[in-house]
Asker: 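Would you mind keeping the following structure in view while I ask a few things?
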Amino acid sequence: MADSKDIVVRKGLEGVVIDSTSVSKVMPDINSLTYRGYTAQELCEHCRFEEVAYLLWNQQLPNASELKAFEKQERDLRALSDPLKKVIAQFPKEAHPMDAIRTGISFLGMEHPEAFNATEPKDILNHSIEIFAKAPTIVAAAYRLRNGDQPIEPKADLSYSENFFHMCFGEVPDADIVRAFDVSLILYAEHGFNASTFTTRVITSTLSDVYSAVTGGIGALKGPLHGGANEQVMYVLKEIGSPDKAKAWLEDAIAQKKKIMGFGHRVYKKGDSRVPTMKKYLEILSEKKGDKKWLEIANVLEEGMVEKKNIHPNVDFPAGPAYYLMGFPIDLYTPIFVMARITGWTAHYMEQFENNRIIRPLSEYVGEKPRKVVPIDQR
Ligand code: COA
């Protein structure tokens, strides 16, 4: 054990390399992000989200027949059990949808007690696909029930993204809107040892099951400094209300030293590599919906933040208004992020499990010096 004078505290684990990974690489210097060696931008250009999920789990992109088999497995698993449906129907209507998906996945784990003993990679993969397939059904069912609507059953002839629109709204929008959503899922799928992925790896390192790891990841993602930022961005854009008010709002926020949601990143300091792709789709959506207000407010904030603070937007910044234009209620944005990130979390579960050592860091003690307990009648 080191003397306290030798201890270097790395608050927030900044700069600490805690393990190796082959899942993804964040390269802030060249503003790039790769999943299993492929850039996220190129994956967005050429692939559907299901192909990327397959890639993260199987290290390779699928060929046509592999994709077909994988999609059949995922589509066959989408429906929820009756007990799970009943649990969702009892969720408090005012609960945040992140609590709904966290509890839903936790309950799903109770339906799979065998996962606690799963050590074979193929079994862990099957449990991961189970979570992946049912997460959108849980999110959509909880959303509809809180509005007093009946849940809509999943449809096996729709893609992952199309089916989510169908289960939320009873219809699938046009292909450009579905594509924008699919691209957001690809961009949200994986991002190195971020807070929620690290949480899932810590849970995995105790040899807990994959449902517990994902449930913990959801808890970490909910916070506004992490995934919850995509919701906060939209609340800010709505608070500002119109492009002509954006400059004054920003100046005031900077003067008050407020954190502006959707800006800044622990790893990227010169801009988030995912932003240009997501922004392109935000522009497409704004054009398509004939509603450019949010994009214009966002542009004023982006220019001002870069000019005055040299702080760039992260992917949550364009994702928030993009989901708004797709018609989702604001508190569904982070659960959508969950649906995407399940792929990355579970890929990390597999990697950690295969080559495990329990994660157990140290701390510098700054509390009381050793002292005697005074019995209660003398205190
Ligand atoms: N708005 C205003 N100032 C910001 C900022 C933001 N969004 N993000 C960082 N800064 C400033 C900090 O105030 C700090 O300034 P200081 O050195 O004068 O105190 C400096 O930049 C470093 O920020 P810090 O919070 O220490 O960075 P971090 O690496 O610990 O945190 C985030 C990274 C992402 C948590 C942080 O940038 C943040 O809170 N962003 C808003 C939430 C968000 O969008 N999260 C999604 C991340 S993908």
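The residues of the chain are indexed from 1 along the displayed sequence. Both ligands and their constituent atoms are indexed starting at 1 by order of listing.
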Asker: So, for Thr137 and Ala133, which heavy atoms are closest and what is the spacing to 0.1 Å?
Answerer: OG1-O, 3.6 Å

Asker: Under a 4.0 Å threshold between the charged nitrogen and the carboxylate oxygen, would Asp76 count as salt-bridged to Lys72?
Answerer: yes

Asker: Quick check: do Phe164 and Met339 have side-chain heavy atoms less than 4.5 Å from each other?
Answerer: yes

Asker: Could you check, using the six-membered ring where one of them is a Trp, whether Phe263 and Phe317 have ring centers closer than 6.0 angstrom?
Answerer: yes

Asker: Does the protein put any heavy atom within less than 4.0 Å of atom 10 (N) of ligand 1?
Answerer: yes

Asker: What are the atoms of ligand 1, with element, lying closer than 4.0 Å to any heavy atom of Asp316?
Answerer: 46 (C), 48 (S)

Asker: Strictly less than 4.0 Å: does any protein heavy-atom distance to atom 31 (O) of ligand 1 fall in that range?
Answerer: no

Asker: Is the closest heavy-atom distance from Lys257 to ligand 1 below 4.0 Å?
Answerer: no

Asker: Under 4.0 Å and counting heavy atoms only, is there anything from the protein next to atom 41 (C) of ligand 1?
Answerer: yes

Asker: Between Arg266 and ligand 1, does any nitrogen or oxygen pair lie at a separation below 3.5 Å?
Answerer: yes

Asker: Hydrogens and angles aside, do His348 and Glu190 bring a side-chain donor and acceptor to less than 3.5 Å of each other?
Answerer: yes

Asker: Quick check for you: to the nearest 0.5 Å, what is the distance between Tyr349 atom OH and Thr204 atom OG1?
Answerer: 5.5 Å

Asker: Would Lys309 count as being in polar contact with ligand 1, using the rule that some N or O on each side must be under 3.5 angstrom apart?
Answerer: no

Asker: Considering only NZ, NE, NH1 and NH2 on the basic side and carboxylate oxygens on the acidic side, decide whether Arg179 and Asp176 come within less than 4.0 Å.
Answerer: no

Asker: Assess, by modelled atom type and distance only, whether the side chains of Glu351 and Ser22 contain a donor and an acceptor separated by less than 3.5 Å.
Answerer: yes

Asker: Is the backbone N or O of Val178 less than 3.5 Å from a side-chain atom of Asp182, with the two atoms forming a donor-acceptor pair by type?
Answerer: no

Asker: With the threshold set at 4.0 Å, does a side-chain nitrogen-carboxylate oxygen contact exist between Lys85 and Glu153?
Answerer: yes

Asker: Looking only at distances, can you tell me whether any N or O atom of Phe263, backbone or side chain, sits closer than 3.5 Å to an N or O atom of ligand 1?
Answerer: yes

Asker: Would you mind running through ligand 1 and noting each atom that sits below 4.0 Å from a heavy atom of Met305?
Answerer: 1 (N), 2 (C)

Asker: Under 4.0 Å from atom 15 (O) of ligand 1, is there any protein heavy atom?
Answerer: no

Asker: Heavy-atom contact under 4.0 Å between Gln232 and ligand 1?
Answerer: no

Asker: Quick one: nearest non-hydrogen protein atom to atom 4 (C) of ligand 1, plus distance?
Answerer: Ile311 CD1, 3.4 Å

Asker: Distance under 4.0 Å to a non-hydrogen atom of Gly262: what atoms of ligand 1 satisfy this?
Answerer: 43 (C), 44 (O)

Asker: Do Leu84 and Val338 share a hydrophobic cluster, counting only Ile, Leu, Val, Met, Phe, Trp and Tyr and linking them when any side-chain heavy atoms are less than 4.5 Å apart?
Answerer: yes

Asker: Tell me, which protein residue and heavy-atom name are nearest atom 45 (N) of ligand 1, and how many Å apart are they?
Answerer: Leu225 O, 3.0 Å

Asker: Only heavy atoms count here, so choose which of Ile254, Asn194, Ile260 is nearest to atom 6 (C) of ligand 1.
Answerer: Ile260

Asker: Which of the numbered atoms in ligand 1 are below 4.0 angstrom from a heavy atom of Ala229?
Answerer: 43 (C), 44 (O), 45 (N), 46 (C)

Asker: Between Tyr235 and Tyr324, is the gap from one ring center to the other below 6.0 Å?
Answerer: no

Asker: With a 4.0 Å cut-off on heavy atoms, is Gly227 in contact with ligand 1?
Answerer: no

Asker: Look up atom 23 (O) of ligand 1 and tell me if a protein heavy atom lies less than 4.0 Å from it?
Answerer: no

Asker: When you measure from the heavy atoms of Gly12 to every atom of ligand 1, does any distance fall below 4.0 Å?
Answerer: no

Asker: How close does the nearest protein non-hydrogen atom get to atom 39 (O) of ligand 1, and which residue and atom is it?
Answerer: Lys259 CD, 3.0 Å

Asker: Under the 3.5 angstrom rule, does the side chain of Asp316 hit a backbone N or O of Ala229 as a donor-acceptor pair?
Answerer: no

Asker: When rounded to the nearest 0.5 angstrom, what is the spacing between OG in Ser205 and CZ in Arg360?
Answerer: 11.5 Å

Asker: Quick one: nearest non-hydrogen protein atom to atom 2 (C) of ligand 1, plus distance?
Answerer: Lys258 O, 3.6 Å

Asker: Tell me: protein heavy atom nearest atom 27 (O) of ligand 1, and distance?
Answerer: Lys269 NZ, 4.6 Å

Asker: Hey, is atom 19 (O) of ligand 1 under 4.0 Å from any protein heavy atom?
Answerer: no

